[in-house]
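Input: a single structure, listed below in structure tokens.
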Amino acid sequence: MPPRELAQLLLENMEKADWLERVEIAGPGFVNFFLRAGYNQSVVEQILQLQEQYGCSEIGRGQKILLEFVSANPTGPLHVGHGRGAAYGATLANLLKATGHDVQCEYYVNDAGRQMDILATSVWLRYLDLAGEKIQFPSNAYKGDYIWDIAATLHREHGEDYRIDAAQVFANVHADAPNGDKEKHIDDLIDNAKQLLGSEKYRFVFDLALNTLVDVIRKDLSAFVVEYDVWFSERQLTEQGLVEQAIERLQQNGHVYEQDGALWFRSTAFGDEKDRVVQRDNGQTTYFASDIAYHMNKFDRGFDHLINIWGADHHGYIARVKAALTALKYPADELEILLVQFANLYENGEQVAMSTRSGEFVPLRTLREDVGNDAARFFYVMRRADQHMDFDLSLARAQSSDNPVYYVQYAHARICSVERQCVEQSISIDLDGIDLQKLDNKHEQAVLKQLMVFPERVNRSAQRREPHIIINYLRELAQHFHSWYNAHKFIVDDPALCNARVALALATRQVLKNGLTLMGVSAPEKM
RNA sequence: GUCCCCGUGGCACAACUGGAUAGCGCGGCUCCCUCCUAAGGAGCAGGUUAGAGGUUCGAACCCUCUCGGGGACGCCA
């Protein structure tokens, strides 16, 4: 049936609603609904009544979601690369909560594994240096200033307790790069450290480094208005035997085979490109094995749905994790993995050079101090997360209309100013007796229409996991408001008109604030 | 080499997932403060949605190919 005919049919069979003025068919078959005059004005009363609840919904009621994001290795402070995932995750959590989901935010702490051993050894070597030993620092060790800080703490509080003769430390160690193998070099040093210090002392250094850095990360995130409910320890997973259990279960189901001394999970049977090692020939379980155990554990804790926010470079891991869950009869479809692309920093039109190799990542803290929390949070989620973005530092820093954050915040501040003016001029606003019919010019209609669609935008933003929808919404709302503000005075002689306009302005302010709050951005009363 | 993502005015991005005349911001050019914050507003110029086919009432969006950019392909974490 041609669209226009179908539209006609719909129209003929439609019930009349009191909010409906008329219905028309247009273009190739669109059905246009015309609202009764005055209908959309009622949104003002609705907003002023619901306040911070306006925009919230219950579409996610009953769904328990575990949202895991950032989960960077605690081997150093967070850098700007982590910032996007942090901002995106925190914002998504806000959106999901606003739409009625039961959300738990979790940070997976990779506190086990070789990287952490390298970290502990790095700290210990710096400590030995401070204690007076002559140390040739390994090329593959962590070199940041924070390593010195931790070492200094160890030295200050425990003096010579952890001192060992450098000759012993470097005994029977493979040569370092460039002539030797830097990986073997550091691994040998780790072995020596464990042996010379003994497990108890080694663990102490290890935990000191770990706890210090987790604390640094926690504070970094907290200052960025990113809060977690649970910090989940990978080591705990191993120590509770869950990793072993996971491998055993795979074995019992016949999904594991041995080859070249290692244990392999036959992930190809579940759509992966190649099989994956879960236990190395030296007996150590792999990171992947921990991941399997971790995801089983998430489901075992009773969550209906899991969301992981990963860097786009982890794309290849999706198939294998889902394969493992499928093999173990877990609902792999309920594991949703959102990939976040990297953000390139630009300064005055030039890309800020960054590389993992040289460790020249700009710390997240530096960015925060530079452009401020609001701009950083806003900019990070301004673009779709799954696409590359250019982060313009100069623009984010700019305290001008060019800066979209200020543009939106300014609208909020302006309305606060209007309210102050009312108080100053002893004009009382009667929110119960608003003559909404007064709001009839095109600017006011535009604002009203925009206010009305906020709840549906919040829902869409949450369902599609796309916070930028709200960012765009706020920019549009601010735009309509500024335009209106410039065209008409709110505080006018006609009391009914004045009352209606200020009420609309206050409703606008409420929605701006609700939206900004969802984005983790402040809504200033003065600028 | 295999696989994944992307390509929209000079720049950076939207487009309610297949709908009406493809929008917004920067940048460029004009204008607007005896007036509630000019951190604002009004307007002009700028597009064959990388290119070529196809699917249908209709395509930036779906399919195929070409070109161009990015990423992933370890007994690393």
Side-chain angles (χ1 to χ4, degrees), chain A residues 1-6 26-30 32 72-73 75 110 112-118 183 234 259-264 273-274 276-288 290-291 311-319 339 341-342 344 346 349 382-384 386-392 394-395 398-411 413-422 424-425 427 443 453 456-457 459-461 463-464 466 468-469 471-473 475-476 478-479 481-492 498 501-502 505 524 526-527:
Chain A
M1 186 184 297
R4 277 197 74 103
E5 266 182 51
L6 183 63
F30 297 103
N32 289 335
N73 284 348
T75 53
N110 293 113
R114 182 165 170 267
Q115 293 304 317
M116 291 307 299
D117 280 321
I118 295 178
E183 304 293 346
E234 178 189 359
Q259 189 182 308
D260 305 328
L263 290 182
W264 297 70
E273 287 175 359
K274 58 169 293 203
R276 310 290 175 179
V277 172
V278 287
Q279 187 168 24
R280 294 204 265 159
D281 57 3
N282 64 8
Q284 270 192 336
T285 54
T286 59
Y287 176 88
F288 175 48
S290 299
D291 247 351
D313 55 333
H314 283 66
H315 176 263
Y317 298 93
I318 300 175
L339 297 179
Q341 293 286 347
F342 298 117
N344 293 314
Y346 279 79
M382 199 159 56
R383 311 296 183 208
R384 291 176 57 115
D386 59 355
Q387 283 176 29
H388 301 271
M389 74 171 285
D390 292 339
F391 193 121
D392 188 335
S394 329
L395 183 60
Q399 308 223 346
S400 74
S401 59
D402 301 348
N403 191 332
V405 192
Y406 285 86
Y407 185 80
V408 175
Q409 289 181 320
Y410 183 49
R414 262 187 159 173
I415 300 169
C416 290
S417 176
V418 169
E419 191 183 42
R420 284 193 294 271
Q421 282 294 321
C422 289
E424 224 168 87
Q425 298 179 31
I427 298 166
H443 294 100
V453 300
E456 103 188 23
R457 293 289 179 95
N459 282 346
R460 190 160 78 224
S461 186
Q463 281 174 319
R464 285 166 52 171
E466 293 179 356
H468 78 274
I469 288 174
I471 296 284
N472 287 336
Y473 171 86
R475 294 174 75 172
E476 287 164 18
Q479 195 166 24
F481 172 77
H482 285 310
S483 184
W484 175 43
Y485 181 93
N486 251 266
H488 300 279
K489 289 215 27 138
F490 302 167
I491 299 174
V492 290
C498 176
R501 283 186 175 165
V502 174
K526 272 185 192 171
M527 287 174 76

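Note that the structure is a prediction, hence the values are computed from the model and not measured. So you know, we letter chains A, B, ... as the sequences are listed, proteins then strands, and number each from 1.
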At under 4.0 Å, does any side-chain N or O of [X] touch on OP1 or OP2 of [N]?
X	N	answer
A/Lys274	B/rC3	no
A/Tyr407	B/rG41	yes
A/Arg460	B/rA15	no
A/Arg414	B/rA38	yes
A/His468	B/rA15	yes
A/Thr286	B/rA77	no
A/Gln479	B/rG25	yes
A/Gln387	B/rA14	yes

**Message:** The test is ring-ring contact (aromatic ring centres under 6.0 Å, His included); show your working for A/Tyr317 and A/His314 and say whether it passes.
**Reply:** CA-CA 6 Å; A/Tyr317 298 93; A/His314 283 66; 5.2 Å; yes

**Item:** Separation between the C1' atoms of B/rC65 and B/rC73, rounded to whole Å
**Value:**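 That atom pair is separated by 25 Å.
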
Which part of the nucleic acid, if any, lies within contact of [X], taking any heavy atom under 4.0 Å across all strands shown: a base, the sugar-phosphate backbone alone, or nothing?
X	value
A/Ala487	nothing
A/Tyr346	nothing
A/His488	base
A/Ala112	sugar-phosphate
A/Asp313	sugar-phosphate
A/Asn459	nothing
A/Gln463	nothing
A/Arg464	base

**Request:** Name the orientation of the base relative to the sugar in B/rC26: syn if the glycosidic angle is within 90° of 0, else anti.
**Result:** anti

**Request:** Check the chi torsion on B/rU34 and let me know: syn if it falls within 90° of 0, anti if not.
**Result:**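 This nucleotide is in anti.
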
**Asked** Going by modelled atom types, is there a donor-acceptor pair between the base of B/rC76 and the side chain of A/Tyr317 at under 3.5 Å?
**Response**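 Pair found.
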
**Item:** Donor-acceptor side-chain pairing of A/Gln279 and A/Thr285 below 3.5 angstrom
**Value:** no

